[in-house]
Amino acid sequence: MTRSIGFTDIDFDRDGKQVGFVNFPSSVHDDAWGVIRVPLTVIRNGSGPTVILQGGNHGDEYEGPIVLGEIIRGLESTAMNGRLIIVPAINLPAVEASRRVSPIDDLNFNRTFPGDPLGSTTQQISHYVSSVLYPLADAFVDLHSGGSSLSIIPSAVLEPCDDPQLDARNRAAVEAFQAPFKVQISNFGDPRTSTSTAVRAGLVTVGTEMAGTGTVTPEAVRICRRGVHNVLRHLGVLEGALEKGPDATGFHTIAGTSSYVMASEAGIFEPFHELGAAVREGEPAGRIHFLENPGRDPVELRFGASGVVYGKRHPGRVRPGNCCLVVASPLED
Ligand code: CA
């Protein structure tokens, strides 16, 4: 099997803090022997657990990268136990462009796992994560927010897992995040995400979704900061008791296609509820207006599942197939 072409000066086995980069060759018109420098920090103290902290999976989701930057600048190895591998802007080209997908190859990093060492830049980066970083680690934290197209209830995310023992460890770690909401998300069962690949690699895995809409909110940064530190306490990397969050409800799930309200027409979507509203299957969810044809009646959309409005499309204009709303339903064990 072809090895990753990513290379770094960082020594994963050395104690102390190393702030650097993993480099991916990028031979372009104005830079024949250049590289793309993806920020990589390793902080290590002894032989405790190894945890990967990842942000910038999507380049328009900011709370995670902000909190990971704080940890890179503020945490000394002597204040922790084990090893942190921190990649706060893993899909660097997308982060630089503040876009969900990379401007280099138009790929969504989180749909390229396990990656391809012979593929395009995004595929080379995901291959580095799955083939070089995952084998070093015991646990993986992937920090997402809603991104440009979605507003989401700040939440800790559970990846579906077939192994009951790993599932129990994942649930405990997600619980430890102390987010206001916790939800299992299957991404339509897509196996190409970094969290699903981490679970298959046997890593204790925690995801997040913070507020979104391509901006930063103070509350989401606080939730994310508390959550990351709590997960590191839970895993034994940091000392001390968990910092309690607000009383959260039980696990919810975005189980299948019925959880999504999809646009059936091109137009402007008017939602009928705010995030967090309790809704029932069959109830009107919103309607699509035809601003260019005001004599036409709006088309109503209905919920396909009962639960809580978890996510909402941010831009008003929709085309058929756009995700307008997402419902999280109570997860039954
Ligand atoms: Ca995301």
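For the single chain, residues carry numbers from 1 onward in sequence order. We count ligands from 1, going down the list as the structure has it; atoms in each ligand are counted the same way. This structure is a prediction, so every number in the text was calculated from the model and none was measured. These numbers come from the heavy atoms of this one structure, side chains and all, not from hydrogens, waters or symmetry mates.
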Taking all non-hydrogen atoms of both residues into account, name the closest pair between Phe272 and Glu300 and its distance. CE1-OE2, 4.3 Å
Which N, O or S atom of His144 lies nearest to the Ca ion (ligand 1), by name: ND1
So which of Thr195, Val199, Leu203 actually passes side-chain contact (heavy atoms from CB on, under 4.5 Å) with Asn170? Val199
Looking only at the side chains, is there a donor atom on one of Asp142 and Asn57 sitting less than 3.5 Å from an acceptor on the other? yes
The Ca ion (ligand 1) to nearest N/O/S of Glu209 below 3.0 Å: no
Check: Phe188 ring centre within less than 6.0 Å of Tyr260 ring centre: yes
Apex the Ca ion (ligand 1); atoms His58 ND1 and Glu61 OE1; angle rounded to 10 degrees: 100°
